[in-house]
Amino acid sequence: MKPSPRWAAAAAVCAAALLAPLLLSETQLPVYIVLVLAACVVTGLSMLMGYAGQVSLGQAAFFMIGGYTAALIALEELPTWLGLAASPLVAAVLAAVIGVPLLRLRGHQLAFATLAVQLILLNLVGQQEWTGGDIGLQGVPRLAIGGYEFADDVAYAYLALAVLGLTVLITRNIVKSRPGRGLRALATSEVAAESSGVPVAGYKLAVFSLSAGFAGLAGGVYAFYFGYVAPSSFPVLLSFEYVVMVVVGGAGTIYGALVGATAVTLLLQLLNNIGTMEGMPAAAPTVLSYAVYGVLLVLVVLFMPRGLVPTAAAWWERRRSARPRGDDPASDGAERPAPAPASV
Amino acid sequence: MSGPVIEVSDLVVRYGTATALDRVDLTVGAGELVALIGPNGAGKSSLVNAVMGIVRPAGGRVRLNGRAALVPEGRQMFADLTVDDNLKLGAWRRRRVPGARDTARVYEVLPELARVRGQRAGTLSGGQQQMVAFGRALMADPDVIVVDELSLGLAPKVTAGLAEHLRDLNRERGLAVLLIEQNARLALELCGRGYVLEAGRIRAQGTAADLLASEEVAAAYLGGPAGDVAAAKEAAMETAKETAKETAKETAKETSP
Amino acid sequence: MSDFLQYLISGLAVGCGFALLASGLVTIHRVTHVVNFAQGMFAVVAGLTAGSFLSVGLPHGLAEVAAVAVAGAVGLLVGLIAIGKPGTSAQSALIATLGLGFAAYAVEIMIWGDNPRSHPGLRGTVEIAGAYVQKQSFLVIGVTAAVFAALLAFFTRTYLGKALSACAANPYAARAVGINVTRMGLVAFVLGGMLGGAAGVLLTPLMPISYNSDVLLITNGFAAAVLGALNRPGLALIGALTLGVAETMVAGYYEASYQTVVALALMLVIMIWQSSRRTALQEEAAR
Ligand SMILES: Nc1ncnc2c1ncn2[C@@H]1O[C@H](COP(=O)(O)OP(=O)(O)OP(=O)(O)O)[C@@H](O)[C@H]1O
Ligand SMILES: [Mg+2]
């Protein structure tokens with residue numbers, strides 16, 4: 001049996017991801033870890049945008065919830081693994097609770113509502129004494145699971161990769177399952193899905209809280225890795241950044257999420273290197289990164305509205321079917337782009 | 001004025017991959033009344049929209065010799081605006097011409113509208129709205145008026161009244177008319193010439209009298225006797241094509257200076 | 001009592017700023033169905049530009065008007081990118097305006113740096129019944145009233161204004177009478193830019209503005225406009241004034257840091273309340 005190109009690609013991506021921590025330099029590793037954590041958040045958000053057809057402009061809020069949960073538990077001298085385990089749960093439960101009223105909103109209303117939720121949470125967290133106010137929580141101990149302490153960057157890189165692997169596996173199984181097909185109907189038209197028996201409200205809430213759970217888990221790792229959390233670590237712009245990643249990669253696909261997170265992070269890093277070169281003004285890195293977000297978002301939305309991965313996949317399909325005989329055209333549809341873009 | 005006011009040749013309209021019009025030819029001479037009939041989904045509105053420049057054709061040509069104005073399908077009011085404002089906006093294409101926005105001449109032709117001039121168009125009855133749509137088209141001071149579905153949802157009496165208006169305008173002002181109408185008999189009785197559009201193609205054309213006499217048209221659109229439809233279709237197509245050529249020559253003669 | 005009066009008037013002034021912003025949002029949304037995320041950016045650009053114009057010696061009045069004109073030009077640019085390409089959906093356009101907000105950050109930081117800036121407005125205070133109110137507050141209220149009156153006259157009395165309303169009411173019919181709906185959309189963006197700009201030049205003397213103030217401004221503008229489902233400028237005005245007063249009262253009597261929380265919570269409650277009276281079918285049909 002010949003391995004299909006899809007499996008070969010997946011294997012190559014995995015191998016590269018696993019080798020990277022060993023090959024990257026000391027300065028590159030933190031970037032890599034942040035990239036992998038962003039990919040976790042973006043995978044969930046991509047599902048929300050691609051399947052439930054809804055944009056969240058406040059996804060960083062759940063990342064923040066996860067981070068604070070882990071930090072608070074670890075600082076209470078409770079086992080640190082408990083903090084990591086609790087971070088996705090708390091985020092998911094919070095999303096489920098606020099999701100009940102919030103998900104009655106759609107499109108741009110939901111976008112603004114999620115943005116509002118994040119602004120409110122940021123504000124509240126910045127005011128409370130037990131969250132450390134504006135300064136946040138410092139001195140979060142290192143994560144230890146079963147006697148093994150995650151001490152250095154390489155260990156955290158593999159931890160982040162494990163979390164991403166879990167996220168991808170869960171997402172993949174959900175998308176391929178029967179409810180997953182119902183979800184896809186949801187993306188095209190809520191009304192049509194509802195009338196064909198899909199429990200729309202329940203599915204939307206499930207996807208919303210699952211995506212929050214992914215973000216929360218990533219936030220937990222973040223807290224242990226950096227050792228502190230503060231409101232300024234989770235700005236609204238971070239939420240926008242996740243949306244940029246989803247849009248660039250292509251909503252509703254796992255590969256899209258990975259490609260989007262990677263492409264945006266690498267591009268930013270490249271420009272950051274240029275911006276910090278000698279002779280550049282101090283503001284250059286910031287200016288360049290904002291310019292990249294802006295230009296990238298506009299270009300992709302206008303000229304590649306389905307995102308990088310689905311566009312490339314469609315191009316590949318066309319080329320293949322143009323050839324006289326294509327090999328196994330009916331591969332599984334799991335990674336296919338969702339039919340409709342998120343409606344705003 | 002010389003030559004036809006509307007000249008459509010080889011027109012192709014597509015929506016995505018679906019073809020709504022496939023190489024359609026149609027002309028409306030100056031001062032002529034022309035009917036366009038066909039079943040739902042035939043592409044009549046697509047033709048109209050292409051003529052008015054609302055839809056971009058995928059191929060072929062639309063030539064307008066003079067100003068065209070549209071009475072769109074489904075009335076299409078500016079619901080929040082008053083009747084008077086609806087009418088005024090009909091003159092948008094001539095907005096730089098002094099006096100073009102004067103609605104008095106429309107109230108002259110459609111005195112029924114004068115009473116409701118200050119009312120919001122969205123609150124009018126269907127028939128009143130159709131009259132507003134009519135008046136709005138007249139405000140463009142058109143050489144040809146394109147009516148997409150004159151009778152849709154209207155009482156027969158109202159339809160007859162509007163048809164009468166059309167006839168008068170044609171007679172008194174030499175206004176050409178392209179009339180799309182589900183009620184084929186009404187259309188063919190009003191107009192001198194007609195086209196039958198089916199599935200994006202012109203199936204038959206000719207003088208109204210010929211089309212009315214044609215068995216195929218009778219069977220499909222006039223509720224006439226249904227015979228061996230296929231055979232009748234063939235025969236009718238032949239005669240229709242013949243008459244079409246004839247009329248085309250005639251109109252060409254008539255309209256040349 | 002004098003505190004109350006002071007909070008009320010300065011709250012109304014802030015609310016007026018939000019109202020101008022919201023009216024720009026509504027104007028653009030009505031005509032193009034695009035929710036313009038870059039609306040707050042217009043205010044930031046105009047506020048900072050006015051400061052620069054003043055600092056190079058332009059007199060008051062001229063500097064502010066010129067800054068509003070600049071915001072109008074920025075509005076045109078945003079409109080061209082957001083709706084200029086045929087076939088861009090309203091959803092894509094919103095994301096595009098989000099992107100343009102980012103791009104604007106880059107330009108703003110290059111020109112003005114990243115610290116909050118302010119410029120002097122009308123100096124001095126007025127004493128009413130024991131309350132000291134900044135003169136600038138009255139200026140904001142007065143100008144806003146004038147702008148709203150002018151806007152009303154524009155939409156109901158002028159031919160161009162009616163054509164804009166026509167595009168909002170029925171784009172197909174607008175095309176049928178020969179109105180270029182895209183061009184009208186651009187006109188709406190210019191207007192939206194100028195309205196946002198007016199908010200910026202009026203508010204900057206009351207509260208310093210930096211490049212990323214746009215998020216709070218757009219959120220407040222949206223919160224106000226959402227009361228009228230982004231389509232009714234009158235309701236947006238009421239929403240904005242309520243918001244402004246509520247925020248100032250919270251800041252004055254309770255705790256300044258909670259003022260945005262109150263506004264945002266109010267917005268959420270209104271939206272959720274509205275949505276409970278609407279079904280998915282209605283929304284998809286209205287799209
Ligand atoms: N905007 C559109 N997008 C996609 N398809 C369209 C669109 N408008 C029309 N069509 C399709 O083009 C075909 C012709 O439609 P059109 O409206 O021109 O028909 P019609 O003859 O006017 O029908 P009716 O008598 O019902 O008004 C139909 O199959 C219709 O589904
Ligand atoms: Mg039709």
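Each chain gets a letter, A, B and so on, in the order the sequences are listed, and its residues count up from 1.
Taking chain A as the reference chain and counting heavy-atom pairs below 4.5 Å, the highest number among C/E108, C/M267, C/M110, C/K85 is found for C/K85. Across A/L296, A/L237, A/V247, A/L121, the residue that shares the most heavy-atom pairs under 4.5 angstrom with chain C is A/L237. Per-residue counts of heavy-atom pairs under 4.5 Å with chain A were compared for C/L98, C/N212, C/L216, C/V107; the largest is that of C/L98. When the candidates C/Y211, C/F222, C/F37 are compared by the number of heavy-atom contacts under 4.5 Å with chain A, C/F222 comes out ahead.
The CG atom of A/L119 sits 5.5 Å away from atom CG of C/L264, with the distance rounded to the nearest 0.5 Å. Distance check: C/I270 CD1 to A/Q109 CD gives 11.0 Å after rounding to the nearest 0.5 Å. Distance check, rounded to the nearest 0.5 Å: CG of A/L110 to CE of C/M271 gives 8.0 Å.
No donor-acceptor contact under 3.5 angstrom links the side chains of A/T286 and C/D114, judged on distance only.
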(request) Test A/V295 against C/F102 for side-chain contact (heavy atoms from CB on, under 4.5 Å), laying out the working first. (result) CA-CA 8 Å; A/V295 173; C/F102 274 126; over 6 Å; no
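Both the backbone and the side chain of A/L302 come within less than 4.5 Å of a heavy atom of chain C. Looking at A/L57, only its side chain comes within 4.5 Å of chain C, counting heavy atoms on both sides. The contact between C/L230 and chain A is made entirely by side chain atoms (from C-beta outward), counting heavy-atom distances below 4.5 Å. Heavy-atom distances place the side chain of A/V244, and not its backbone, under 4.5 Å from chain C. At a 4.5 Å heavy-atom cutoff, the contact between C/L268 and chain A is made by side-chain atoms alone.
Other residues, nucleotides and ligands contribute over 12 non-hydrogen atoms within 6.0 Å of the OH atom of C/Y172. Applying the 6.0 Å contact sphere to CG of C/L80 captures more than 12 heavy atoms from other residues, nucleotides or ligands.
The two residues A/V301 and C/S92 come nearest to each other via the heavy atoms CG1-O, 3.1 Å. Shortest non-hydrogen contact noted between C/A106 and A/A291 is CB-N, 3.7 Å. The two residues C/I109 and A/A283 make their nearest non-hydrogen contact at CG2-CB, 3.9 Å.
Side-chain atoms of C/V226 and A/F112, non-hydrogen and from C-beta on, never get closer than 4.5 Å to each other.
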